[in-house]
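Numbers here are sequence positions counted from 1. Atom set for the values below is all heavy atoms of this structure, side chains included, hydrogens, waters and symmetry mates excluded.
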Amino acid sequence: MKDMSQDAVIQTIDPTDGSPLQEYPLMETDAAIAGVEACHKAFETWRHETPAKRAEIIRAIGQALRDHEDELSELMTREMGKLRSQSRTELQLCAAICDYTADNGPDELKTEERPYEGGVKGHVAYRPIGVIYGIQPWNFPIYQVVRYSIANLMAGNGVLLKHAESVTGCGLRLEELYREAGLPADLFKVLVIDHDQSDKVLEHDAVRGVTLTGSPGAGKIIGKKAGAVLKKTVLELGSNDAYIVLEDADLEQAVKQCVIGRTFNNGQTCVAAKRFVVVDAVFDAFKEQFVAAMKDMEMVDPMESEQGLGPMAREDLRDELHSQVQESIENGASLLCGGEIPDRDGWWYPATVLGDVAPGQPAYDDELFGPAAALIRAKDEEDAMRIANDSRFGLGGAIFSKDLDRARHLAEMHFDTGMVFINGFSAASPNMPFGGVKNSGYGREHGGFGMKEFVNVKAITILNE
C-alpha cells in the first residue's frame, strides 16, 4: 500500500494575520488503516460494556471539557478565529451534550417490549454496529466532533475522526482528553490524512457508517462513495436559512436577534440567519435599523473582545464570500453596507448587507458562509413563506411574530426545513433534533435521535415459550 511522503504536513494558520501556527505530519496510509483496525478491536469490547458504564465515562469527558475550557477556547480561537467568548460558549454546549447523553442514553437505548396477540412476545433491541467514520468541518472545531462522537460512543460504537486541516490541533487534543477521561484506548481515533487516504478508510470493511458535515458538493461525493459500498450516511450540509419578520413582530427584538444570527461565529454557521424576508408593512423600518446595527459591528481581536467580528477562518473562504457579494451586485443587488475587503493582514470581512436581492443572485440562491446578509421584501405573510421555501436548502429558519400560535402553525405546517426558531436565534440544543431536508442533507443528531442513527434496530420475536 502506498504511503504518504515523510515530509507531507498540514500547516495550521492564524486567521487574524495569516501567520503559521503549527505543522502536523500526515499519517502514512498503513498507519491510518492500522488505526481503523485498532478502533474496531476496541469496539469489540466496548460494544458489550453496559450503557451505565458508557454514560459514566461520557460524563467524565464532559467534565474534562469544562476543566480545560481556557486551553481549548484559546486553541479554537487561534486556529479558526472565533471570538474567545464564543469558544467558551461552544465548550459549555459540548459539556451539556455529554451530560444530556449520560443522563438519557441508557433509557434511550433500553430494549423495548412489544407484545403481540396470542401470547407472542416481541422485543426491539438497539445494538451498536461498529466503527463510525466522521468527516468534520472547521467552523465549530470541538462541537462538531462532540456532536457525533458522544452519541455514537453512548450507542456502543467506535469512532474515527478526519477533522478539517485548519483545526487539526483541536482534533488531536480532543483525542487526548477523551482518553484521559477514561475512554478505552483506540475507541476514538483521529486520522490526520488527506482525501485519497480518506477514501480508503471509508471503504474499509470495519467502517459501518459515515457522517459528514460540510457542503452539498462534499455530501454528494461522500454519499455516493458510501452508497457504493452499502454504508449508511448522515449528512448535515449547507443552507441559506430564511428569517421571516411578520407585521406584528417586536421590531427591536427582531433586529437584535437577526444581527446576532447573521454575525455569530463570524457568520460561519450552517444553521444561521442568511436571508431576511420582511413583509412590506415593516420592511422600511426593519431595513433602517438592521443596516445601522450591521454598520456598527466592528472587526475586533477575537482573543480580547467579547463582541464584534473576528476574521473568517481561511483566505479562500473570505475570497469566495466576496466574490458572491460582487456577483450579486452585478446581477442587480444593492450594497447597503460593508462589501469591501479591508487593507490589513488576515482574513477579515466586514458585516455586509445586500438589498434588492432576487433569484439569480448568489445572495438569494446560494449559501453566503460569512457575515453577509440578504434583505428581501415580501408582500405579506403568504409571500414571505413562499420566498422562505423557494430554496434548494432546508436546514433551519425563524419566524418573528407576537402571535405565537400563528407562528408555531406556520413553522409546523408550512416551513420546509428541519428546524425553526420563533422570535430568536439559536444554533443547537442537546435535547432537540438537529438536521435538515432537501440539499441540507438527512439524518438527525441530538435529542436522543443521534444515538439511534448508527445502531442495529434488532427485532426479536418469541413465538413459543
With sequence neighbours excluded, tell me which residues meet side-chain hydrogen bond (donor to acceptor under 3.5 Å, both in side chains) with Asn423.
none
Sequence-distant partners of Glu176, side-chain hydrogen bond (donor to acceptor under 3.5 Å, both in side chains), two or more places apart
Arg173
Give me the atom names and distance for the closest heavy-atom approach of [X] to [Y].
X	Y	answer
Leu237	Gly219	CD2-CA, 3.8 Å
Gly81	Pro311	O-CD, 3.5 Å
Gly435	Leu395	C-CD1, 3.5 Å
Leu91	Met76	CG-CE, 3.7 Å
Met80	Val167	CB-CG1, 4.1 Å
Arg208	Gly130	CG-CA, 4.1 Å

Rounded to the nearest 0.5 Å, what separation is found between the [atom1] atom of [X] and the [atom2] atom of [Y]?
X	Y	atom1	atom2	result
Leu160	Cys39	CG	SG	4.5 Å
Leu174	His163	CG	NE2	7.0 Å
Ser215	Leu235	OG	CG	10.5 Å
Leu153	Tyr148	CG	OH	9.0 Å

Under 6.0 Å from the [atom1] atom of [X], do we count more than 12 heavy atoms belonging to anything else shown?
X	atom1	result
Glu247	CD	no
Gln307	CD	no
Arg408	CZ	no
Glu203	CD	yes
Glu298	CD	no
Lys379	NZ	no
Lys232	NZ	yes
Glu288	CD	no

Give the intermediate values and the outcome of side chain to side chain donor-acceptor pair (under 3.5 Å) for residues Tyr364 and Ser328.
CA-CA 8 Å; Tyr364 187 98; Ser328 295; over 6 Å; no
Relative to the ring of [Y], is the ring of [X] parallel (under 30°), tilted (30 to 60°) or perpendicular (over 60°)?
X	Y	answer
Tyr143	Phe140	perpendicular
Phe425	Phe264	tilted
Phe400	Tyr243	tilted

So, [X] side chain and [Y] main chain: donor-acceptor pair closer than 3.5 Å or not?
X	Y	result
Asp365	Pro359	no
Thr417	Met419	yes
Asn157	Ile129	yes
Asn431	Tyr100	no
Gln144	Pro137	no
Lys438	Ser391	yes
Gln268	Ala313	yes
Glu445	Glu236	no
Arg444	Gly436	yes
Thr352	Gly339	yes

Pair [X] + [Y]: basic N to acidic O under 4.0 Å:
X	Y	result
Arg275	Asp390	no
Arg84	Asp301	no
Asp319	Arg314	no
Arg88	Glu69	yes
Lys287	Asp284	no
Lys402	Asp250	no

Does the side chain of [X] reach to within under 4.5 Å of the side chain of [Y], using non-hydrogen atoms?
X	Y	result
Arg147	His446	yes
Lys452	Val457	no
Phe421	Asp241	no
Glu90	Val146	no

Would you check, one step at a time, whether the test salt bridge (charged side-chain N to carboxylate O under 4.0 Å, His left out) holds for Asp366 with Arg392?
CA-CA 9 Å; Asp366 303 326; Arg392 65 183 184 278; 3.0 Å; yes
Cut-off 3.5 Å, side chains only: do Asp14 and Thr16 have a donor facing an acceptor?
yes
Kindly determine whether Gln197 and Thr29 satisfy side chain to side chain donor-acceptor pair (under 3.5 Å), including the steps that lead there.
CA-CA 6 Å; Gln197 293 172 304; Thr29 302; 3.1 Å; yes
Can you spot which of Pro430, Ser149, Ser429 makes a side-chain contact (heavy atoms from CB on, under 4.5 Å) with Ile97?
Pro430
Against Leu161, only a single residue in Ile135, Val192, Val190, Leu191 fulfils side-chain contact (heavy atoms from CB on, under 4.5 Å); can you say which?
Val190
Cation-pi check, Lys189 to Tyr178: give yes when NZ or CZ is under 6.0 Å from the six-membered ring centre and within 45° of the ring axis, no otherwise.
no
Row check, Phe276 ring normal vs Arg262 NZ/CZ: under 6.0 Å, within 45°
no
Could you go through Val277 and Met385, starting from their C-alpha distance and side-chain angles, then the distance that decides it, and tell me whether this counts as side-chain contact (heavy atoms from CB on, under 4.5 Å)?
CA-CA 9 Å; Val277 184; Met385 188 56 67; over 6 Å; no
Go through it in stages, so that I can follow the logic: the residues are Lys274 and Leu368, the test is side-chain contact (heavy atoms from CB on, under 4.5 Å), and I'd like the CA-CA distance, side-chain angles, deciding distance and then a yes or no.
CA-CA 7 Å; Lys274 289 161 186 161; Leu368 303 186; 5.6 Å; no
One pair to check against side-chain contact (heavy atoms from CB on, under 4.5 Å): Leu187 and Val159. What are the steps and the verdict?
CA-CA 6 Å; Leu187 197 59; Val159 177; over 6 Å; no
Residue pair Val234, Phe454: steps toward the side-chain contact (heavy atoms from CB on, under 4.5 Å) verdict:
CA-CA 9 Å; Val234 168; Phe454 293 106; 3.7 Å; yes
